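Beneath this line is the structure, given in structure tokens, with notes to follow.
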Amino acid sequence: MTKAIQAGRARIDAPCETTDSPAFPASYEAPPELRVRGIPDGKGRSIVAGASALALAACGGGGSGSGSGGSAGGTPTPAVNIRKPQSAGEAARFTLSVGIGTSPTRIAAVQSEGFAPWLDAQMKEPIAQTGLAWLQTRGYSTVDANKYYNMAGLMDRMIWNQLMTGADQVRKRAALALSEIMVVSINGITGSWRAQAMAQYWDILNARAFGNFRDLLEDITLNPAMGYFLNTKGNRKEDPRTGRVPDENYAREVMQLFTIGLYELNIDGTWKTDGSGHPIETYTNADIEGLAKVFTGYDLDFTNAGRFPNPDDPTKVVYGIEPVVEPMTADHTRFLRPPRETYHSPAEKSFLGTTIPAGTSAQETLRIALDTLFNHPNVGPFIGRQLIQRLVTSNPSNAYVARVAAAFNNNGSGVRGDLRAVFKAVWLDDEALASGNQTSVTFGKLREPILRLAQWGRTFGATSASGNWLVGDTSDVASELGQSPLRSPSVFNFFRPGYVPANSNAANASLVAPEFQIVNETTTPAYVNFMSDVINRGWGSARDVKAQYSAEIAMADDPPALVDHLDAVLTGSRLSPGNRGTILAAIQDVPIGTRNPDSDRMRRVVVGVLLTMVAPEYLVQV
Amino acid sequence: MFIGKAPELSRRAFLRRTGQLAAAGTATSYAMGLAGLGELAAFSPGNDYKALVCVFLYGGNDHYNMLVPYDPANYQRYAEIRTSIARGRSTLGATALATPDDQTLTDDLQYALAPEMPGLKALYDEGAMAPVLNVGPLIVPLTKAQYNANSASNPRPAKLFSHNDQQSTWQSFAPEGSVVGWGGRLGDLALSSNSNAIFTNISASGNAVFLAGQNSLAYQVSSKGAIAINGLGGKLYGSSVAGSALETLLTQPSNHVLARDHATIAKRSIDAQGFVNGALGGVNLATSFTPPTGISGRLAGQLNTVARLIAARNQLEVRRQVYFVGIGGFDLHDALTTRHGPLLAEIDFAMTAFYRATQEMGIADKVTAFTASDFGRTLTSNGDGSDHGWGAHHFVVGGAVNGGRYYGTAPSVSVRSDDQVGNGRLLPTTSVDELTATLGLWFGASPSDLPLIAPNIGNFARPNLGFLSL
């Protein structure tokens with residue numbers, strides 16, 4: 001069953017195919033919740049693990065950019081050239097591009113195994129614990145006098161636990177990137193069990209991150225949090241008598257933001273143009289109105305909903321979490337209050353050149369509509385470019401975008417939308433791994449604030465004293481990060497892929513710099529103040545989340561070793577000699593006395609950590 | 001003086017502006033029509049203070065439920081189309097606006113403000129507030145037939161109905177990715193009036209292209225004032241060496257473009273912070289910006305900061321300022337009837353308090369605030385909300401406003417008329433360029449400068465809508 005990789009074939013033409021069946025794009029361990037709930041994969045298949053170790057090992061060479069100049073069609077033999085980092089710094093930078101934090105162990109592993117084999121193993125890492133399982137484990141999905149069903153803030157505890165713990169950090173980095181493209185924000189949803197609804201959304205992103213885009217698209221479309229956020233939940237068919245029309249929100253944003261964008265694209269992400277040189281719009285308002293009818297008739301599925309006495313009034317009912325974690329349904333008999341007839345529009349639906357005949361079932365209608373979006377040629381370049389921006393560099397070359405889009409269009413085995421192949425194309429591209437990036441003045445991206453905090457937690461072993469991760473929203477611009485996971489102010493994320501900071505060197509160089517949309521004279525000092533407090537005293541209620549710094553404290557008597565270590569794990573050994581010297585001098589300025597030597601050592605560590613985390617070589621991920 | 005005005009900067013601004021005007025050309029219908037207006041003498045030393053304040057409503061405000069048809073015939077049309085999302089007519093009596101005797105609106109329309117807006121109703125009655133009707137982005141005046149034809153000679157604005165792009169278009173006349181806004185253009189013209197150029201354009205609501213100029217920057221301030229960095233310049237974790245290292249690391253120039261940009265912002269933040277907070281420290285305003293229970297204080301907090309900065313204008317050494325504030329939550333595809341009212345109450349309280357504060361300072365006629373938003377919304381209902389539209393009604397507020405009357409053309413209450421393009425999405429009859437030009441002329445731009453700040457103004461007959469006393 002294992003498909004051998006053809007040696008010498010250009011990587012993007014033949015992205016690593018690691019699965020037992022070419023038609024089955026992704027291998028991952030389905031989280032127990034998904035299996036138990038029987039969430040289908042969108043193609044009538046069950047979700048099972050698939051990769052074989054042999055395939056993974058053979059795949060390693062496929063990621064080598066060097067020496068892969070041959071053409072397709074050679075004799076299938078295992079590839080032999082395994083590209084490896086030229087230095088520990090290069091290895092560290094790779095681990096930080098594909099993950100959230102790094103460590104000397106991870107750096108050494110990439111150096112010894114090579115980029116692609118190490119990445120394959122990381123991508124194979126099963127979901128450690130879903131967000132939903134964590135909430136359940138902490139008792140937060142129970143109906144009792146605590147009334148957790150009203151506590152949206154439990155989501156922050158869930159997501160920061162997710163980002164800061166678990167061996168599956170590569171998958172989580174991918175899911176975080178997806179969460180900033182296919183945005184759902186808890187700030188825009190209502191109802192009970194908001195944290196659980198968001199956890200389920202997060203879990204879908206993780207479960208599908210290395211699966212197929214078509215399945216991801218269907219899962220997010222039917223997800224209750226999305227249903228609340230972009231108003232598919234409760235969306236009703238048109239009513240000619242009153243003039244009521246379907247809600248257009250999801251129809252518009254699923255096209256503009258989640259799949260195809262506004263203008264027709266070439267495979268390299270540039271605009272196609274008409275005869276007069278103008279870009280060509282992908283859809284009109286008539287397409288929106290047509291597609292809006294597709295997303296009518298859906299609501300929460302109460303079939304399996306638990307019923308509990310309301311803690312405030314036992315004569316009333318509180319429903320369990322099932323309706324917000326199971327897919328929405330168009331079967332109106334499963335609604336909380338079943339109407340007499342379906343709310344799904346029976347009308348003919350036309351959009352993007354597709355016409356769905358009148359009277360088609362809701363399920364078949366959805367299949368056709370999502371297939372239409374999925375098969376639009378824009379998806380590869382549109383999503384691929386944004387994934388590069390979220391993970392590697394704000395300004396990829398057109399050729400880089402084209403290679404990632406090609407991987408989306410065909411994973412090498414004829415499968416479209418294989419996100420495992422897409423992420424690998426993003427991370428293992430020659431442009432991403434080029435050693436010249438180190439000295440480039442434009443390559444890379446500003447590290448976004450939530451990644452900085454998550455990296456701090458992973459790097460220094462943050463743990464929760466209570467086990468409940470008593471942290472919260474970090475959105476405040478004047479005292480926190482001005483950004484918070486799953487709390488975007490709108491479906492447009494905290495920053496846009498096309499953002500150009502005004503009056504900037506980036507603008508002068510015709511570069512975009514998305515993360516700068518949340519950088520200004522308020523958020524910059526706020527970040528420093530927030531981190532200087534968290535690094536030193538811990539984070540959250542009663543400083544519940546604290547770093548251990550055990551490895552660092554052990555180095556505190558040797559400041560040069562300490563600064564080199566911090567440089568390695570935080571920046572990927574990018575500190576300039578001058579900045580290294582500045583930080584070293586500050587660490588050395590803290591004397592280790594005889595009265596409280598352990599406290600002095602800790603002070604040296606926090607000085608080093610904060611100063612490294614404000615250094616330019618840290619703030620910009622290269 | 002804090003940060004001296006840079007003569008070189010002003011000279012470059014002048015040169016660039018001259019070049020742009022040459023490029024824009026002068027042989028337009030508008031340029032001919034402007035002959036009678038004459039050059040205004042603003043932006044020269046000795047002029048009084050003026051400030052322009054953009055209040056941005058992110059998400060696309062439902063203008064139909066903010067300024068509601070109130071006369072029985074038009075209200076009935078409105079209620080029949082809007083069905084369950086219509087405001088109740090009985091709630092509107094106290095905030096009904098009297099149409100002046102010399103004005104007759106389309107179909108004899110009479111409007112009422114939403115009942116959550118008693119403050120703005122009072123300002124309308126005082127003559128300090130005016131609605132501008134059905135305004136939106138246009139490149140050229142468009143009929144519905146021209147809109148449908150979508151020809152190169154009568155182009156539509158790009159990316160209509162898209163949030164991010166129409167926000168950008170309102171603020172800068174171009175979709176997302178644009179780097180110069182018209183507030184920033186006005187700031188460019190004003191730079192030479194201000195000793196401290198950095199305080200020309202100030203946002204209390206995050207980064208917005210509106211305030212970005214060719215040369216003038218958008219300086220950010222929070223509702224808590226300017227934010228100081230703990231430990232910087234003093235002791236960080238007990239170490240003064242660490243405290244000074246913090247500043248070095250944050251502000252040193254780098255070769256990397258992004259790192260350099262970050263350092264520039266950090267340095268500006270650090271340099272300005274003490275000065276700004278010092279100036280704000282001397283301000284005493286009696287006007288309360290604390291809203292009554294049940295009304296959010298987000299916008300009031302931002303406008304309070306703006307009011308305090310204006311109160312400190314002499315310490316800041318500025319004569320012309322452009323401000324940006326804004327709140328989100330307006331994209332009400334759902335729950336319009338429950339969530340829109342509180343947003344309108346928030347606007348009403350904050351804008352009214354802000355106007356009262358300018359009265360308290362004795363400079364009400366020197367400060368003009370105006371609303372803007374992504375777009376208007378559909379007149380039709382989707383069940384419990386409305387969808388993305390185009391033209392919308394907006395308000396201008398200030399002592400210089402010729403208030404108590406309407407500007408622009410009232411749209412028919414209809415989903416079939418020629419002033420809408422389907423489901424009551426309004427085809428604008430007044431362009432953002434015209435709104436911008438009017439505000440710009442009041443602010444002190446000369447008529448010949450208008451193509452710089454309102455690039456399509458040459459295509460419209462009215463560079464001055466008349467809602468401000470120039």
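For clarity, every value in this text was computed on a predicted model and none was experimentally measured. The sequence lines fix the lettering, A, B, ..., with proteins before strands; numbering per chain opens at 1.
- No donor-acceptor pair closer than 3.5 Å links the side chain of Asn230(B) to the backbone N or O of Asn529(A).
- For Lys144(B), the NZ atom is densely surrounded, since the number of other residues' heavy atoms within 6.0 Å is greater than 12.
- Nearest heavy-atom pair across Glu248(A) and Asn423(B) is OE2-ND2, 4.4 Å.
- With a 4.5 angstrom heavy-atom cutoff, Ala266(B) touches chain A via backbone and side-chain atoms both.
- Neither the backbone nor the side chain of Ala263(B) comes within contact range of chain A; no heavy atoms are under 4.5 Å apart.
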After noting the C-alpha distance and the side-chain angles of Gln256(A) and Asn164(B), does the key distance pass the side-chain contact (heavy atoms from CB on, under 4.5 Å) rule? CA-CA 11 Å; Gln256(A) 182 176 345; Asn164(B) 54 329; 2.9 Å; yes

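- For the set Pro525(A), Ala586(A), Ala502(A), the count of heavy-atom pairs under 4.5 angstrom toward chain B peaks at Pro525(A).
- Contacts between Arg425(B) and chain A at a heavy-atom distance below 4.5 Å involve the side chain alone, from C-beta outward.
- Interatomic distance, OG1 of Thr284(A) versus CZ of Phe161(B), reported as 9.5 Å (0.5 Å rounding).
- Of the residues considered (Gly188(A), Ala615(A), Gly243(A), Ala506(A)), Ala506(A) shows the highest number of contacts with chain B, using heavy-atom pairs under 4.5 Å.
- With chain B as partner, the option from Asn536(A), Asp239(A), Val590(A), Asn235(A) having the largest number of non-hydrogen pairs under 4.5 angstrom is Asn536(A).
- Residue contact with chain A, scored on non-hydrogen atoms closer than 4.5 Å, involves the backbone and the side chain of Leu217(B) alike.
- Of the two parts of Asp384(B), neither the backbone nor the side chain holds a non-hydrogen atom closer than 4.5 Å to a non-hydrogen atom of chain A.
- Of the listed residues Ile81(B), Val241(B), Leu211(B), the one with more heavy-atom pairs under 4.5 angstrom with chain A than any other is Val241(B).
- Interface remark: of the candidates Val179(B), Ile227(B), Val180(B), Ile227(B) forms the most heavy-atom pairs closer than 4.5 Å to chain A.
- Looking at His333(B) and Asn249(A), their side chains do bring a donor and an acceptor atom within 3.5 Å of each other.
- At a 4.5 Å heavy-atom cutoff, the contact between Ala228(B) and chain A is made by backbone atoms alone.
- Between chain A and the options Glu80(B), Arg268(B), Lys159(B), Arg260(B), the largest number of non-hydrogen pairs under 4.5 Å is found for Lys159(B).
- Proximity to chain A is limited to the side chain of Gln252(B), based on heavy atoms less than 4.5 angstrom apart.
- Of the listed residues (Thr83(B), Val415(B), Leu246(B)), the one with the most heavy-atom contacts under 4.5 Å to chain A is Leu246(B).
- Heavy atoms of Ser168(B) lying under 4.5 Å from chain A are absent altogether.
- Of the two parts of Arg156(B), neither the backbone nor the side chain holds a non-hydrogen atom closer than 4.5 Å to a non-hydrogen atom of chain A.
- If you measure heavy-atom distances from Ser162(B) to chain A, the contacts under 4.5 Å come from both the backbone and the side chain.
- Considering all non-hydrogen atoms of both residues, Thr582(A) and Ala245(B) come closest at CG2-CB, 3.5 Å.
- Contacts of Pro246(A) with chain B are made by backbone atoms alone, with heavy-atom separations under 4.5 Å and no side-chain atom involved.
- The shortest heavy-atom contact between Asp261(B) and Ser504(A) is OD2-CB, 3.4 Å.
- No other option in Ile265(B), Ile85(B), Ile270(B), Leu232(B) has as many heavy-atom pairs under 4.5 Å with chain A as Ile265(B).
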In sequence, state the C-alpha distance, the side-chain angles, and the governing distance for Leu611(A) and Leu236(B), and then conclude on side-chain contact (heavy atoms from CB on, under 4.5 Å). CA-CA 10 Å; Leu611(A) 292 181; Leu236(B) 172 67; 4.1 Å; yes

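- You'll find the side chain of His163(B) reaches within 4.5 Å of the side chain of Glu253(A), heavy atoms only.
- Met531(A) and Tyr237(B) get closest at one heavy-atom pair: O-OH, 4.4 Å.
- Asn503(A) contributes no side-chain N or O that, together with a main-chain N or O of Ala212(B), makes up a donor-acceptor pair within less than 3.5 Å.
- Taking 4.5 Å as the limit, some side-chain heavy atom of Asp476(A) sits within range of a side-chain heavy atom of Lys224(B).
- Heavy-atom distances place both the backbone and the side chain of Arg244(A) under 4.5 Å from chain B.
- Using a 4.5 Å cut-off between heavy atoms, Ala335(B) makes no contact with chain A at all.
- Of the possible polar contacts, one joining the Asn207(B) side chain to the Gln517(A) backbone as a donor-acceptor pair under 3.5 Å is found.
- Side-chain contact between Val519(A) and His262(B) is present, with heavy atoms from C-beta onward closer than 4.5 Å.
- For the residue pair Leu258(B) and Phe516(A), the shortest heavy atom distance occurs at O-CZ, 3.2 Å.
- Proximity to chain A (any heavy atom under 4.5 Å) is shown, for Ser239(B), by both the backbone and the side chain.
- Counting heavy-atom pairs under 4.5 Å between each of Gly383(B), Ala242(B), Ser381(B), Gly238(B) and chain A puts Ser381(B) at the top.
- Atom CG of Asn255(B) has 12 or fewer heavy atoms from other residues, nucleotides or ligands within 6.0 Å.
- Of the possible polar contacts, none joining the Gln220(B) side chain to the Glu521(A) backbone as a donor-acceptor pair under 3.5 Å is found.
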